[in-house]
Amino acid sequence: MQPWNNGMPPLIAVVVPCYHEEEVLPETARRLDALLTRLIGEGLIAPSSYVLFVDDGSKDRTWAIIESLHRSNGRMRGLKLARNAGHQRALLAGLLTAKRDADAVISIDADLQDDIEAIREFVIKFREGYEIVYGVREDRSTDTKFKRGTAQMFYKLMSRLGAEVVYNHADYRLMSKRAVEYLAEYREVNLFLRGIVPLIGLPSAQVMYKRHERFAGESKYPLRKMLAFAVDGITSFSVRPIRLVTATGVLFLALSLLVAIYVLIAKISGQAVPGWTSIVLSIWFVGGVQIMSIGLVGEYIGKIYQEAKGRPKYHIEKMLMPETAAEERGSYPLPRPWDAEASGGHGTAAR
Ligand code: UDP
Ligand code: MG
């Protein structure tokens, strides 16, 4: 791990997805601007650091507000999506746009439920050399009991199913430019960023923070969207549900043996009605074979599904190169991935 040593403080972009956020935007912009001004004053971040608001196809005054924010303050930028693409995609659009001219990108929700003071810690970690910094909630006391309970169930289920997610981390995080470049190589349509980001690797750190209530407006994540998001998260990362079907099939086949013994005994001891034995036997045996076959077909679908995602197979963290080249290129051990096109790829070539 190499600390940031570009000679200049890093240029930080804060990406804020916004969907019907007219009530919170002016205040959010004010707070973020104050924070950036302070961090610039401290010399922690570059003076040209900025905020990028992504309007996710809002139908209210969100975009008008972003435009006026930009007019009065050049540090406020905007990106408007053609239609509502959903939180995850809006966020990705923002990250990919912002990384073009930022050294690191921080994502945060428009309602500032996540304590923006943590951004200072994010930047400090980044300057120490961490390329992904996860904001982790200290506790969930501001959530409703229901949301807390369901969220906990979700994290447990995810880890049981073998997907690596950072516990109590939502989409509040810092990513280096290179980490975002790598993220862009995940070509899946069903985006579940929290699940993908840990797959990237690279040195990462966690910063604890307290989560507040929304200071205005309502949650844009009703139960329906939350459930869809959870299902997406699980099915985008695991084929274990399919395995479960196969396992159930095997179990039923095994059970059919026991049933066979039972019905045969019943038949021999003369307790069975004519025809019963064969019916019960075939129900269990054929049922087991069917479920197992479905699971087997599922296995193939699972393989196709994983191939279809075409995820990158690896990312390079470091490369050894002559010293002189290293100095020219700045803070990262070489080559910096954003120079990749010129220098011939950084891991995608083998795909
Ligand atoms: N959001 C978005 N597109 C959507 C839904 C939500 O960009 O379709 C944004 C929203 O503006 C906010 C963030 O995603 O900045 C998180 O939404 P919210 O705060 O309503 O979710 P909660 O905190 O209740 O889970
Ligand atoms: Mg929120």
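Just follow the structure's listing: the first ligand is 1, and inside any ligand the first atom is 1. This one's a predicted model, so the numbers in the text were calculated from it and none came from an experiment.
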Suppose I only count heavy atoms of [X] and a 4.0 Å limit; which atoms of ligand 1 are within that range?
| X | value |
| --- | --- |
| Lys225 | 4 (C), 5 (C), 8 (O) |
| Asn84 | 3 (N), 4 (C), 8 (O) |
| Gln113 | 19 (O), 23 (O) |
| Ser219 | 20 (O), 21 (O), 22 (P), 24 (O) |
| Asp56 | 2 (C), 3 (N), 4 (C), 7 (O), 8 (O) |

Could you tell me how the ring of [X] sits relative to the ring of [Y]: parallel (under 30°), tilted (30 to 60°) or perpendicular (over 60°)?
| X | Y | answer |
| --- | --- | --- |
| Trp276 | Tyr262 | perpendicular |
| Phe126 | Trp4 | tilted |
| Tyr172 | Tyr209 | perpendicular |

Is the number of heavy atoms from other residues, nucleotides or ligands within 6.0 Å of CD (Glu218) greater than 12?
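For Glu218, atom CD is not crowded (no more than 12 foreign heavy atoms under 6.0 Å).
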Which protein non-hydrogen atom lies closest to [atom], naming both residue and atom, and how far is it?
| atom | value |
| --- | --- |
| atom 20 (O) of ligand 1 | Lys220 N, 2.3 Å |
| atom 17 (O) of ligand 1 | Tyr221 CD1, 3.7 Å |
| atom 25 (O) of ligand 1 | Lys147 NZ, 3.1 Å |
| atom 1 (N) of ligand 1 | Tyr19 CB, 3.6 Å |
| atom 9 (C) of ligand 1 | Pro17 O, 3.9 Å |
| atom 10 (C) of ligand 1 | Glu21 OE2, 3.2 Å |
| atom 18 (P) of ligand 1 | Arg214 NH2, 3.4 Å |
| atom 14 (O) of ligand 1 | His87 CD2, 3.2 Å |

Closest contact, heavy atoms only, [X] versus [Y]:
| X | Y | value |
| --- | --- | --- |
| Tyr155 | Asn168 | CZ-N, 3.5 Å |
| Thr248 | Leu244 | OG1-O, 2.6 Å |
| Asp101 | Thr97 | OD1-O, 4.4 Å |

Enter the distance from [X]:[atom1] to [Y]:[atom2] here, rounded to the nearest 0.5 Å.
| X | Y | atom1 | atom2 | answer |
| --- | --- | --- | --- | --- |
| Lys125 | Ile132 | NZ | CD1 | 14.5 Å |
| Leu193 | Leu92 | CG | CG | 6.0 Å |
| Ile200 | Ile196 | CD1 | CD1 | 8.0 Å |

Does any N/O atom on Ala90 come nearer than 3.5 Å to any N/O atom on ligand 1?
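No, there is no polar N/O contact under 3.5 Å.
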Quick check: Asp111 and ligand 1, any N/O pair under 3.5 Å apart?
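Yes.
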Is ligand 1 under 4.0 Å from a heavy atom in the side chain of Arg211, in the backbone, in both, or in neither?
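Within the 4.0 Å criterion, Arg211 contacts ligand 1 through side-chain atoms alone.
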Within Tyr221, is some N, O or S atom less than 2.8 Å away from the Mg ion (ligand 2)?
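No.
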Less than 3.5 Å apart, any donor N or O on the side chain of Gln152 or Tyr167 sitting next to an acceptor on the other?
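Tyr167 and Gln152 do have a side-chain donor-acceptor pair below 3.5 Å.
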Atom nearest to the Mg ion (ligand 2) - Asp111, N, O or S atoms considered:
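The Mg ion (ligand 2) is closest to the Asp111 atom OD2, counting only N, O or S.
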